[in-house]
Engineer: 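The structure is given below, and queries will be raised subsequently.
Convention: sequence-line order gives letters A, B, ...; per-chain numbering from 1.
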Amino acid sequence: MKPRVAFFDFASCEGCQLSVINMENELLDIVSHIDIVNFREAMTEASDDYDIAFIEGSVTREYDIPRLKKIRENAKFVIPIGACACTGGVNFRKNFYELNEIRYYVYRDSAKYFDTFATRPVKAVIPVDFEIPGCPINAKEFLSVVKSLLIGKKPEIPNYPVCVECKLLGNVCMYDKGEVCLGAVTRAGCGAWCPSNSSGCEGCRGLVDEPNKNSEIEVLTKAGLTVEDAIQKFRIFAGYFEEVKK
Amino acid sequence: MVANIQEKSLYLPRLAKMTKKERFTEKEMFFEFRFDDGSNLNHRPGQFVELSIYGIGEAPISISSSPTQQGYFELCVRAVGRVTNYLHKNLDVGSYVGIRGPFGNGFPYEKFKGYDMLFICGGLGVAPLRSLINYTLDKTKRNEFGKVYILYGCKNNQEWLYQKEVESWLNRADVETYLTVDKCTDSNWKGNVGVITTLIPKVNFDVNKTIAVICGPPVMYKFVVLELKNRNFKEENIYMSLERKMKCGVGKCGHCQINNVYVCQSGPVFDLPTVRKLQEAI
Amino acid sequence: MNTNMNINVHYVTRIEGHGNIVVDIKDGKVERCLWEVIEAPRFFEGFIRGVYYKDVSEIVSRICGICSIGHTTASIRATEDAFGYVPTEQTVTLRKLLLDGETLQSHILHTYFLAAPDFLGAKSVFAILPTHLDIAKMALRLKRIANDLCDLIGGRTIHPIREVVGGFTKLPTERELRDLKKTLETEALPLLDKTVDVFASLLPKIPNFSRETEYIALVRDDEYAFYDGDLGSTDAGRTDVHNYKSWTNEYVVPHSSAKWTKNKRESLAVGALARFNLNARLLLPKAKAAAEKLGLRPINYNPFMNNIAQVVESIHAVEDALIQIDKLLTRGIKEEKVDSMPLKEGQGVGAVEVPRGILIHDYTYDRTGHIVHANCIIPTNQNCANIEYDMKKLVPEIMDRPQDEIQLMLEMLVRSYDPCVSCSVHMVKVNFK
Amino acid sequence: MQGYILTMDSLRNLVQELMKTYKVVAPVKKETRFDFCEIEKFDDIRLDYDTSILPPKKYLSPPVETLLRFKRSENKAEPVFDTTPVVLFGLHPCDIKGIKHLDQAFSENNNYDRHYLAKRENALIIGLECLPYDYCFCSSVGSTFAKDGFDIMLIPIGDSYLAEVGSKKGEELLKRIQAKPSQELDIKKAEAFKSEKEKKIVRRFNKVNASTVRDLMQRTWDHKHWKELEERCLACGSCNLVCPTCFCFDVQDEVHINLDDGERRRIWDGCMLVDFAKVGSGENFREHRSQRLRHRINRKFNYLYDRFNSPTCVGCGRCVRACTVKIDPVEIVNELSR
Ligand SMILES: Cc1cc2nc3c(=O)[nH]c(=O)nc-3n(C[C@H](O)[C@H](O)[C@H](O)COP(=O)(O)OP(=O)(O)OC[C@H]3O[C@@H](n4cnc5c(N)ncnc54)[C@H](O)[C@@H]3O)c2cc1C
Ligand code: SF4
Ligand code: SF4
Ligand code: SF4
């Protein structure tokens, strides 16, 4: 029987689901191997009977928690996709501001209608099987995870930094062009997407294990950033990591 | 450039058929493989193969059977990652896997002739040592060696590998077998409790004519060696099989390198004097 | 005739983001008819404060994955406006080309994948694959071409990389542009011709409904505006985008707490139909012909026709892309170093047309190039009120039909606006009992 | 140093001649730097390049290289050998030495790696003498000049080049384009160029040389400097990946979307990366960045010395250039020998 696959979204831009829909060349092949039973962005039907649940978006309110728990009960594999779901993504930036202040700043009088709490990734609420990070996810990597699952192989997200992929591609290093880049401490798997487009890595996939954050901050400040801006740089996407929170 | 080059790929495995599959513990399983043409692996005890599953990957696994067992070979595999889990969960008797090798040096058993043998196995370390144990105990070879001592330790009573065989060793008059568990979780266990080094004082070996062979988890080596040294064991009589990450098995990929040696080429078996010269070995 | 009915569509599907429809009919009277947005708020305007100008567009791009090129462009334009920086001609041309790509990809996604299943009586695009494989393949190919364009100019389709304040970090080569041009001419245009036929055949299924409202879009005298222009209205003429606040009055309605916008009437509409209604005369020839063939004429007050306007705009986008490519090829691609910005204190506004309508970013910077205040006006927000007023007019007209048909019609109505409520920059959650 | 004389025109001739039968790979401009790429025309070549981003080895041992193609349902696999004839044009002596190391590494111990060797046997190497740039230090590791390992070596002499012959194939080529044999004076000029080069090399080991650096490494295995570098090094692996003599690799399987066909590939790996020596049990044999860095530097100057009879660092300086914190073998060696 074909594995039944479901997609769910929480606080997000839905770019990760869209990345899946954007795999025009592979889509027909993919749906020949799986049954998509839940994909709100693309279909009306919904089912609670599924094997694999891909979850997009971060958890930002009470209401999300029972919904996530239900998904965990139903699915054999729970796989958060995208920065929002894996590390809180840009939504995590909210946590660096005072919660009430930011609510009133954006919604003024209507702020009371919002129930919102500090942004958290999916794994902070339910156990997950593995994650596909990135903002947005890289379709190639997503596909490779799906293929691995389908043939019964444990998918693997690299534990080396973006620099590796950047070097494999023979890119000119951003520092060589006088630009900054977080590639040395950011988990690879995106194919060095940003540096390959001549733009510094922004760390959307989160930090590698054991990042040498102090040394990287020194690199950034040597390249002209203030310490404050260097820390801000990490907080675009990697605020969730202990190394950055401090 | 280089004359006499084989036209083959070093990385192309040959197929072997799984003919037995048996669960040992939650994590470890036993497998028997045969080549369709009935040929032997022609390995030495202590050597390993690269076990390959297309689409999944390759993993180095010690050959656990003795070369005296003809027509098939045996592996004992712990499920830790891609290849090993796939082998456990997705392949059954009748399936084919790819095999490259045997690789590595294996034990220099010619040098052990006439000696007493002291086997010290920790956990999965019994897998490569069993090949040499069974070689030593084979009726055609048994008279080439003196006394045989087997020390085997496990985390707890649920973790024994090759349990039936271990029982047969216990029952053999020409073998002294000592077992221990790190932690006693089972009231049926009447034997020794403690790490494997606690067994060494119990054995009455003759340091002048005994070879010690060690294999186990990385932390074990230092302490076992220390304990043997306490008993005045000769360094040159201590052998060990080391684990390292390996991708190719043929001395190219670099993962198994310790200082100037490649474990897949010069090892995985080393004598203690050699290991002493390597700063990162144990 | 249904005298009592409760419709409660929790999570309208096949739209971007989360929205609910609630209709209560009692004794043949519509008691409640609500369009509520239940998207989790994400507080972009709050947490963009303090961010250095170079990182701003990248963060706000994440407001919406599907309009990310639009958000990036609007953001960059607001920043450049604040610093008084004028981008080069090549940069502007590339940005227009990139917006064309987004328009095409989004419209194709919406018309074929999200809306068409309704017309074909299916619940999802996956359901129509077996019966309409040829159409699906056509749509997939068109969407791929659009995405290839975005990948080439922006570095990727979602959250573009190359487009930054001051210009582009990496430029397409002339060879790449020539290849793209060829694909657009030999593949995209013929496929769009067929698309017009497909949708022409679906025209009879489009509900016959209309409600007069105010349409607002960017306008220019010389082109069908996407990248820049003045604010234009079918009711109120024209004004500079810096005056946007006087037009997009945000207000809170008593029965719900969604922030709606209005100008001259109780609601206003933006999007493909609004653009068409205001700018139809400036459509490029093939798009004009398609509008003719599809019976779309300004001013059209049927919101369901928004899908048709999207088909027309898809063709326009390809024609415009070809114009921009030719411009680039004639001039030749030149390496232009992305200039460092003349940082200064002040406010800047950037408005662009994204597939769903007009999008405005408004920032205030401090001297060091860090944001102190931000405001974003999102198209879907602006349409919210209009959706609900449409629903209120539509429900009584179709009350005699079976409940599931009414429900489907309402969902189709919402979907026809292609709402992208995931933006949720300014969405207010309704606590609804 | 008997050879031939190539004017700019005859060099152009040579390349054009080669392009008829070979894929010609040469240094070209890439944004702010240079890199080896397949050229479309002679004028793409930048003879004045300092160094390339990646070493030319990428054409013999590509970053990602398919070893086998398999079909899962049939348990069948076929090795893939690339025999496309390639010219590696414009290699500096350090890179030529680097390739010599790879030649050995991929054929040692009777383990002939046909995937590498098939490409190597079909490659022609045309070297180009160079002058030092900001990062290199070839004289400290004995790779300033190439005695062999090339088919032709070009040495600039004014507007022309002296073409030194390194192989039969090279000689035939030069004859085919009717290059003129060199004169006494040309050889003098070439020698002058080389001694000029030697003089210009400023980055060097202070107290050791190519043969004694190894003893230094052995003496300083426990030096505190390694720990100091722990703070700086990011363990990003860039240094490994740009090195002409790093040849470690990972092997990965990738299946096609039909879930049946697939490829087994090798991918460049680096000993600076955290998982490089980590095994299934969780044990990491070089857990700390300082241990990994010590391993890398020792691998270049000490560990492989016996096998290669020289340091395996060729002094190209790429690792320093690629390192964002500018960790530099020369500085390390000088610090250790202080
Ligand atoms: C000489 C030798 C003999 C061995 N004998 C046996 C044996 O008899 N039985 C047995 O169960 N295991 C044995 N191993 C260990 C076994 O090779 C690894 O457990 C196996 O490679 C993991 O493969 P995998 O694909 O399942 O895991 P992967 O998915 O590749 O990786 C899981 C984890 O294992 C690590 N790893 C990857 N490759 C290796 C590798 N080659 N060696 C060690 N760790 C690795 C990874 O870093 C990762 O942390 C031996 C290893 C060596 C070097
Ligand atoms: S991770 Fe990024 S791309 Fe994905 S949904 Fe979140 S904001 Fe969008
Ligand atoms: S030495 Fe430099 S390039 Fe190498 S791993 Fe460390 S930081 Fe990266
Ligand atoms: S170690 Fe550095 S200098 Fe030496 S060969 Fe490698 S990259 Fe070049």
Engineer: Evaluate the side-chain proximity of C:Arg144 to A:Asn25: yes if any heavy-atom separation is below 4.5 Å, no if none is.
Structural biologist: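 Contact flag for A:Asn25/C:Arg144 side chains = yes.
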Engineer: More than 12 foreign heavy atoms under 6.0 Å from NZ of A:Lys140: is that the case here?
Structural biologist: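 Open: at most 12 neighbouring heavy atoms sit under 6.0 Å from NZ of A:Lys140.
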Engineer: Distance from A:Ser19 atom OG to C:Asn147 atom CG, nearest 0.5 Å?
Structural biologist: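 Interatomic distance, A:Ser19 OG to C:Asn147 CG, rounded to 0.5 Å: 9.5 Å.
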Engineer: Answer yes or no: is there a donor N or O on one side and an acceptor on the other, between the side chain of C:Thr169 and the main chain of A:Asn197, under 3.5 Å?
Structural biologist: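 Checking the backbone N and O of A:Asn197 against the side chain of C:Thr169, a donor-acceptor pair under 3.5 Å is found.
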Engineer: I want to check something: taking the side chain as every heavy atom from C-beta on, are A:Cys135 and C:His159 in contact at a cut-off of under 4.5 Å?
Structural biologist: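 Yes, close enough: below the 4.5 Å cut-off.
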Engineer: Is it the side chain or the backbone of A:Glu179 that comes within 4.5 Å of chain C heavy atoms, both, or neither?
Structural biologist: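 The side chain, not the backbone.
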Engineer: Is there side-chain contact between C:Glu58 and A:Val90, with heavy atoms separated by less than 4.5 Å?
Structural biologist: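 With C-beta onward as the side chain, the pair stays apart.
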Engineer: Between C:Lys170 and A:Ser199, is there a donor-acceptor pair closer than 3.5 Å when you use the side chain of the first and the backbone of the second?
Structural biologist: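 No, the answer is negative, given that no donor and acceptor are paired below the 3.5 Å cut-off.
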Engineer: Starting at OH of C:Tyr52, measure out to CG of A:Leu225 and round the result to the nearest 0.5 Å.
Structural biologist: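 The CG atom of A:Leu225 is 7.5 Å from OH of C:Tyr52, to the nearest 0.5 Å.
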Engineer: Relative to chain C, which of A:Thr119, A:Val31, A:Asp229 shows the most heavy atom pairs under 4.5 Å?
Structural biologist: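 Top option by heavy-atom pairs under 4.5 Å: A:Asp229.
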Engineer: If I measure from the heavy atoms of chain C, does A:Asn22 come under 4.5 Å with its side chain, its backbone, both, or neither?
Structural biologist: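 It is both, since atoms from each part get that close.
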Engineer: To the nearest 0.5 angstrom, please state how far the CG atom of C:Asp55 sits from the NZ atom of A:Lys233.
Structural biologist: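 Here the rounded value is 3.5 Å.
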Engineer: Could you tell me which portion of A:Ser196 (side chain, backbone, both or neither) has an atom closer than 4.5 angstrom to a non-hydrogen atom of chain C?
Structural biologist: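 Contact with chain C is through the backbone of A:Ser196 alone.
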Engineer: Between A:Arg93 and C:Phe47 (side chain of the first, backbone of the second, donor and acceptor by atom type, cut-off under 3.5 Å), is there such a pair?
Structural biologist: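 Yes; at least one donor-acceptor contact below 3.5 Å.
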Engineer: Specify which of C:Lys137, C:His370, C:Arg162, C:Lys143 makes the most heavy-atom pairs with chain A at under 4.5 Å.
Structural biologist: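 Counting heavy-atom pairs under 4.5 Å, the top option is C:Lys143.
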Engineer: Do C:Leu109 and A:Leu18 come close enough that some side-chain heavy atom pair is under 4.5 Å?
Structural biologist: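 In contact.
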Engineer: Sort C:Ser68 into side chain, backbone, both or neither according to what part of it lies under 4.5 angstrom from a heavy atom of chain A.
Structural biologist: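 Contact with chain A: none, neither part.
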Engineer: Can you find a pair of side-chain heavy atoms, one from A:Trp193 and one from C:Arg156, that are under 4.5 Å apart?
Structural biologist: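 Contact flag for A:Trp193/C:Arg156 side chains = yes.
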Engineer: Restricting to salt bridge (Lys or Arg N to Asp or Glu O under 4.0 Å), what partner residues turn up for C:Glu163, sequence neighbours left out?
Structural biologist: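 Result, salt bridge (Lys or Arg N to Asp or Glu O under 4.0 Å) vs C:Glu163: none returned.
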Engineer: Say you draw a straight line from CE of A:Met23 to CG of C:Leu140; how long is it, rounded to the nearest 0.5 Å?
Structural biologist: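 The CG atom of C:Leu140 is 11.5 Å from CE of A:Met23, to the nearest 0.5 Å.
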Engineer: Nearest 0.5 Å, what's the CD1-CZ distance between C:Ile59 and A:Phe237?
Structural biologist: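 Here the interatomic distance stands at 7.5 Å.
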Engineer: Quick one: what part of C:Leu133 sits under 4.5 Å from any heavy atom of chain A, side chain, backbone, both or neither?
Structural biologist: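 For C:Leu133, side-chain heavy atoms alone lie under 4.5 Å from chain A.
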Engineer: Measure the CD-NZ distance between A:Gln232 and C:Lys54 for me, rounded to the nearest 0.5 Å.
Structural biologist: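 Going from the CD atom of A:Gln232 to the NZ atom of C:Lys54 covers 15.0 Å.
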Engineer: Can you check whether A:Gly89's main-chain N or O pairs, donor with acceptor, with C:Arg62's side chain at less than 3.5 Å?
Structural biologist: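 Not confirmed, C:Arg62 side chain does not pair with A:Gly89 backbone.
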